Amino acid sequence: IPVREIDVARVERVLENDPFVLNADVFVDAKNQVHIEIDQRVPILRIIDKNGLNYYIDKFGMKMPLSKHFTARVLVATGNIPPYDPQFLQRKKHILKDLFELTNIILKDDFLLPMMEQIYVTESKEYELSPVIGDQKILFGNLDHIDDKIFYLKIFLKHL
């Protein structure tokens with residue numbers, strides 16, 4: 001179709017409505033070429049909540065659906081996880097907020113990141129970690145004294 005018939009704003013809106021697109025910029029340059037720049041949303045955690053719903057959380061805490069075309073290689077959280085609440089990061093205490101915080105701590109640690117596979121939320125709202133190596137279940141508890149727990153977790157993992 002001729003470039004003058006392209007509704008650039010509509011193309012941007014359609015792209016930004018895609019759950020895997022964070023931002024889209026569409027423009028026509030001086031040579032009448034259409035350019036589309038897309039920032040993709042990046043999942044950091046896969047959630048399987050207590051109702052069996054399955055989705056990702058991105059690096060901003062936004063819910064993302066699973067893709068039919070790929071599976072992101074990220075930590076998986078299962079167990080007693082409540083349904084997604086878009087305001088979970090603003091809440092004083094919320095399991096999704098704790099999972100998001102714990103996931104970000106693991107992601108920032110070059111040693112822990114390749115070692116962790118799953119986070120399980122118990123009925124008492126405590127966390128169990130499953131490392132990639134071995135079949136241990138690490139009783140992490142709640143996030144109180146998290147820095148100390150991470151320190152001792154790393155010592156334990158180095159001796160596996």
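Note: hydrogens, waters and symmetry copies are ignored here, and every other heavy atom, side chains too, is used. It should be emphasised that the depicted structure is a prediction, and the values quoted were computed from it without experimental measurement.
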Quick check: does any side chain N or O of [X] sit under 3.5 Å from a backbone N or O of [Y], one acting as donor and the other as acceptor?
X	Y	value
Lys59	Asn104	no
Asp58	Phe60	yes
Lys125	Ile95	no

Under the side chain to side chain donor-acceptor pair (under 3.5 Å) definition, can you give me all pairs with a residue in residues 73-101, not counting sequence neighbours? Thr78-Gln118, Asp85-Arg91, Lys93-Asp98, Asp98-Tyr127

Heavy-atom side-chain proximity of [X] to [Y] below 4.5 angstrom:
X	Y	result
Leu139	Glu128	yes
Ile36	Val26	yes
Val11	Val34	no
Ile6	Val28	no
Arg46	Leu66	yes
Lys149	Asn142	yes
Leu99	Ile57	no
Met62	Leu22	no

Cation-pi geometry met for Lys154 and Phe111 (6.0 Å, 45°): no

Check the hydrophobic clustering (I, L, V, M, F, W, Y; side-chain heavy atoms under 4.5 Å; chains of links allowed) and say if Val42 and Leu15 are grouped together. no

